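To keep things clear, I will list the structure first and then write my remarks on it.
The structure displayed is predicted, hence computed values, not measured ones. Order of the sequence lines sets the chain letters (A, B, ...), proteins ahead of strands, with each chain counted from 1.
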Amino acid sequence: MMKTFGETKELIEQGKTLHIAGTEELLRKLPKGDWIGGSTEYFMDKDAGKVTDDMLFVNEFADYNHKITMYDEKNIHSVALDSFEGGLSIIILPFDSAVLKEYAEHAAEFDGMFMRDVAGWVSGSNLGKTGQTPIAVNGQTGEVSTDKAAVLHLNITDYDVDIEIVNIFTADKNSPTVEFTEEGFIVEDCLINGVTTNLADYVRSNNLNTQLPLVGNYSGVEINISCKSVEGDKVYLYAPVFPDVKYRFAAPLAENDYAAEFRKHLSKISDKNSVFSCNCILNFLYGELEGKSIGKFCGPITFGEVAYQLVNQTLVYVTFTPKRD
Amino acid sequence: MKLSSFQVQQILTRGHVFKHVSFALFITVLRGKYLKDPSKAALDKYTSDVNAFIEKNRHLMQDDIKELVKI
């Protein structure tokens, strides 16, 4: 939940295990302790979306055995192996860093991934302000990094951990299928209904709305790939596309009302066991969510979401459900 | 439940759909690996991983397990 700087400082000094989101300036001032942090000024609070540089969003975890580790692009591949068996690892990756690129392109291949639960987000800055830098912080050491990921590995022994997503977009039934022969963030040619086509030309000639993502069918689950820009003969994406996945362009939202669409999706979901969530800056900006409520799942608004792998324009949440057996 | 390597091969080649998000992502990744390396040794590893995943998440993926036993 949202906390003042003083309240957050107090929790740290009480020895709580925390995940913290807030501005770079506030994070740098917090005392050392058992926490990781990442920068953003955008939040989804209980009552509405907010942009603030004087509050922090804090998730407090029970007194689980835990460790905090920083990873660069050379050792990020061991993040799942380092996770506790049956535990949860919360990762914060700075935007536009080499470690983010490595994670985005290769997380699915990391040893142990999916056998261990890794969720998290990409830190950023206020898009309307200059002089800020996306950071990740290891609260134990005080290390503030623009090029390393901070990871809180929690040893969860008494709960089943589950990572879920909420995607308000769905593939447009009238869209052609879009397939790629190589994985990557920058796309030139692709197969549109099986025909080799330059994607940038296709987007321009069909006047497609690039605020709507490509939606891939991942074994029945719809995963978004968002468009960063279309420049010349290239389309730049926020997350990599993969071969062997069929994508379609997303259907427009009814009246472009993101908040209503979230409330509709979330009405079917309980947040009772939710311990962490984050939502995408593109949903926040394109859906003009500042001042609007989506009903549930408070947390940072982020520059990429992690549900094992990097996803886009998606709400990610984690639940702890008491173990049965 | 434990799936055989034959059943896992069916899952990786026939485009099944799943409800549990983590399992669907996991199977999609494994399908990509299988297309690159469909050898018996690799399939045995995929089978072991799928069974470990199901064992770890069995309470959370009951709907998918009902479908998996039909394969």
Side-chain angles (χ1 to χ4, degrees), chain A residues 80 83 85-88 106-119 156 159-167 180-183 216-223 240-246 269 273 305-311 314-325, chain B residues 1-39 41-71:
Chain A
S83 185
E85 189 174 348
L88 170 68
H106 300 294
E109 302 152 24
F110 291 171
D111 286 343
M113 190 58 78
F114 295 100
M115 296 297 117
R116 307 290 165 87
D117 290 306
V118 181
I156 313 298
Y159 291 94
D160 284 323
V161 176
D162 196 23
I163 299 172
E164 290 282 348
I165 65 167
V166 178
N167 182 5
F180 302 92
T181 53
E182 290 175 16
E183 72 182 52
N217 184 338
Y218 289 55
S219 304
V221 173
E222 294 193 307
I223 299 292
V241 288
F242 295 95
D244 316 313
V245 173
K246 284 188 167 57
I269 300 168
N273 296 322
E305 300 74 56
V306 173
Y308 304 97
Q309 57 194 71
L310 183 69
V311 294
T314 301
L315 188 158
V316 171
Y317 68 98
V318 179
T319 59
F320 287 178
T321 308
K323 276 192 187 296
R324 290 162 280 180
D325 257 336
Chain B
M1 70 175 287
K2 269 207 166 180
L3 297 173
S4 66
S5 59
F6 174 76
Q7 287 171 306
V8 170
Q9 190 178 35
Q10 297 296 302
I11 292 167
L12 297 180
T13 54
R14 287 200 175 173
H16 289 272
V17 299
F18 300 106
K19 290 185 177 173
H20 188 245
V21 169
S22 305
F23 191 59
L25 289 174
F26 175 54
I27 290 297
T28 303
V29 168
L30 275 191
R31 182 177 299 131
K33 289 182 180 176
Y34 178 76
L35 289 171
K36 284 181 193 160
D37 183 2
S39 67
L43 181 59
D44 287 345
K45 173 75 168 65
Y46 308 144
T47 303
S48 166
D49 286 350
V50 169
N51 282 320
F53 187 98
I54 293 170
E55 173 59 23
K56 173 180 167 294
N57 295 289
R58 64 189 187 284
H59 295 309
L60 304 165
M61 49 184 292
Q62 289 299 316
D63 289 341
D64 288 335
I65 286 174
K66 282 177 199 160
E67 293 303 312
L68 289 170
V69 295
K70 296 177 192 168
I71 294 168

Worksheet entry | Lys56(B) with Asp117(A): basic N within carboxylate O range, under 4.0 Å | yes
To the nearest 0.5 Å, tell me how far [X] [atom1] sits from [Y] [atom2].
X         : Y         : atom1 : atom2 : result
Leu60(B)  : Glu164(A) : CG    : CD    : 8.0 Å
Thr28(B)  : Phe114(A) : OG1   : CZ    : 8.0 Å
Asp244(A) : Lys33(B)  : CG    : NZ    : 13.5 Å

Neighbour count above 12 (heavy atom, 6.0 Å) for Glu109(A) CD | yes
So, the part of Asp49(B) with a heavy atom under 4.5 Å from chain A: the answer is both
Structural part of [X] lying under 4.5 Å from a heavy atom of chain B:
X         : answer
Glu85(A)  : neither
Val245(A) : side chain
Tyr218(A) : both

With chain A, the option among Phe26(B), Phe53(B), Phe18(B) that has the most non-hydrogen atom pairs under 4.5 Å is Phe26(B)
Residues Tyr308(A) and Leu25(B): closest non-hydrogen pair is CD1-CD1, 4.3 Å
In short, Ala52(B) meets Met115(A) closest at the heavy-atom pair CB-SD, 3.8 Å
inquiry  = I'd like to check Met113(A) versus Val29(B) (side-chain heavy atoms, cut-off strictly below 4.5 Å). Are they in contact?
reply    = no
Is a donor on one side and an acceptor on the other found under 3.5 Å between the side chain of Ser22(B) and the backbone of Ile163(A)? yes
Residue from Pro243(A), Gly220(A), Ser219(A) scoring the most non-hydrogen pairs under 4.5 Å with chain B is Ser219(A)
